[in-house]
Amino acid sequence: MRSKDYGEDVLAGNWRLPRKGRFPEIQAERDLVVEDPDSGFCGAVVACGKDEVTLEDRFGKRRVFPLAVAGFLLDGRPVTLVRPGPRQPGAARSASGSVYVRGHRARVARESRIYVEGVHDAELVEKIWGHDLRVEGVAVEYLEGVDDLPLIVEEFEPGPGRRLGVLVDHLVPGSKESRIAARITDPHVLICGHPFIDVWQAVKPRALGIRAWPEVPRGFDWKEGVCARLGWPGDTGAAWRRILGSVRSYADLEPELLGRVEELIDFVTAKE
């Protein structure tokens, strides 16, 4: 499995020394997702004072950090968070937080593609990043699982100008998915994954009005178990419509999914 296509590891050596000029200053707007490189704590901004910022991770745990120069990582790059100024009227934003391009006609699709595991993954990506993908001309297709991923990649015939990005569920050390992904070494393929059992878990519990996603014992169907423990009807299709309907923007999704989708979009649209 390829590592991030962002060059050398920003944590190698003294990464806080800027290569060119100053580090970018980013306003600590609510729901901005950043990481503290020293502790590895990753979370969304929930409050910002004169000298400190409060982050909340996907479990609802909060920690306070100083607003230090190059004190955080944003999409893997060191940035300096600053206290937000008065809100000014600005450009409209898409659900992903990017600038909304008005009057844009979808461009002809690139040869490069993004593959996701299932229809739920595809629908969630479309809801949040659909505008961005149409602007860039990137099509998203779903695989119905990753068991045949090596063969699918081979049939895709990746190469210069024909990149393939793959989003995999439950890509954690020792999982079946990680073993399959490790078999693919093509430099024109990037496989990214999130740690969740299913993309359902990538939706923040607070967006659904629940405290946390329930634990389902191994050996039981995870989606049916979730419905049973939340007191929802056993129709998993209806449950997904309920979940998807609760998602309004990137702020309703966990950082582990947000970063990986953005990384895949960067990869398949990069100039070679």
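Keep in mind that the numbers below use all heavy atoms, side chains included, and drop hydrogens, waters and symmetry copies.
Of all heavy-atom pairs between K127 and G245, the closest is NZ-CA, 3.9 Å. Between G40 and E35, the closest heavy-atom pair is CA-OE2, 3.8 Å. What you find for C227 and T236 is that their closest heavy atoms are SG-CG2, 4.4 Å. The two atoms that bring L264 and L190 nearest to each other are CD2-O, 3.5 Å, heavy atoms only. Annotation for S246 and L208: closest pair OG-CD2, 3.3 Å, computed over non-hydrogen atoms. Taking all atoms of both residues into account, the shortest heavy-atom contact from W240 to L124 is CH2-CB, 4.1 Å.
Ion pairing of E52 with R83 is absent here, as no side-chain N (NZ or NE/NH1/NH2) approaches a carboxylate O to less than 4.0 Å.
The CH2 atom of W213 sits 10.0 Å away from atom CD of E254, with the distance rounded to the nearest 0.5 Å. With rounding to the nearest 0.5 Å, the separation of CG in L167 from CG in L257 is 6.0 Å. Note that CG of L81 is 7.5 Å distant from SG of C48, once rounded to the nearest 0.5 Å. Here the CG atom belonging to D57 is positioned 8.5 Å from the SG atom belonging to C42, to the nearest 0.5 angstrom. In this structure, the separation between NE2 on H170 and CD1 on I197 is 5.5 Å, given to the nearest 0.5 Å. Remark: E144 CD to D121 CG distance equals 11.5 Å, nearest 0.5 Å.
A 4.5 Å side-chain heavy-atom check between E126 and R134 finds at least one atom pair inside the cut-off. The shortest distance between side-chain heavy atoms of H194 and V168 does not fall below 4.5 Å. The shortest distance between side-chain heavy atoms of F196 and D169 does not fall below 4.5 Å. In this structure, K223 and H120 have side chains that are in contact, with non-hydrogen atoms separated by less than 4.5 Å. Between L143 and I152, the closest side-chain pair of non-hydrogen atoms falls below 4.5 Å. Within the 4.5 Å cutoff, no side-chain heavy atoms of Y250 are placed close to those of W129. Residues F267 and S112 form no side-chain contact, since every pair of their non-hydrogen atoms from C-beta on lies 4.5 Å or further apart. Between I191 and V166 the shortest side-chain heavy-atom distance falls below 4.5 Å.
Linking ILVMFWY residues whenever their side-chain heavy atoms come closer than 4.5 Å, directly or via other members, places I210 and V226 in the same cluster. Under the 4.5 Å side-chain heavy-atom criterion for grouping Ile, Leu, Val, Met, Phe, Trp and Tyr, L55 is not connected to V46 through any hydrophobic cluster. Both I243 and L230 are part of a single hydrophobic cluster, where members link through side-chain heavy atoms under 4.5 Å apart. No chain of hydrophobic side-chain contacts below 4.5 Å, direct or via other Ile, Leu, Val, Met, Phe, Trp or Tyr residues, connects V172 to W200. Hydrophobic clustering of Ile, Leu, Val, Met, Phe, Trp and Tyr side chains at less than 4.5 Å, counting indirect connections, unites W232 with F220.
Distance alone, capped at 3.5 Å, places no donor-acceptor pair between the R113 side chain and the G165 backbone. In this structure a side-chain-to-backbone donor-acceptor pair under 3.5 Å is present from T80 to A70. Checking side-chain atoms of E177 against main-chain N and O of L171 turns up no donor-acceptor pair under 3.5 Å. Under a 3.5 Å cut-off, the side chain of D148 and the backbone N or O of L151 do not form any donor-acceptor pair. Distance alone, capped at 3.5 Å, is enough to place a donor-acceptor pair between the R229 side chain and the G225 backbone.
Within 6.0 Å of atom CD in E154, 12 or fewer heavy atoms from other residues, nucleotides or ligands are found, so the atom counts as exposed in its surroundings. Heavy atoms from other residues, nucleotides or ligands lying under 6.0 Å from CZ of F41 number more than 12.
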Practice item. Applying side chain to side chain contact (heavy atoms under 4.5 Å, CB included), run through I114 and V138 and close with a yes or a no. Key: CA-CA 7 Å; I114 292 177; V138 176; 4.0 Å; yes

Test side chain to side chain contact (heavy atoms under 4.5 Å, CB included) on F23 and V79; report intermediate values, then the result. CA-CA 6 Å; F23 287 103; V79 298; 5.9 Å; no

Start with the C-alpha distance between E29 and V45, add both sets of side-chain angles, then the distance that settles side chain to side chain contact (heavy atoms under 4.5 Å, CB included), and finish with yes or no.
-> CA-CA 7 Å; E29 299 281 1; V45 173; over 6 Å; no

- Task: Take L244 and E123 through the test side chain to side chain contact (heavy atoms under 4.5 Å, CB included) and record every step on the way to the result.
- Result: CA-CA 8 Å; L244 186 63; E123 288 175 345; 4.1 Å; yes

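Of the residues listed (R62, R63, K204), the one engaging E56 in a side-chain hydrogen bond (donor to acceptor under 3.5 Å, both in side chains) is R62, and it is the only one. When V33, V53, I26 are each tested for a side chain to side chain contact (heavy atoms under 4.5 Å, CB included) with F72, only one passes: V53.
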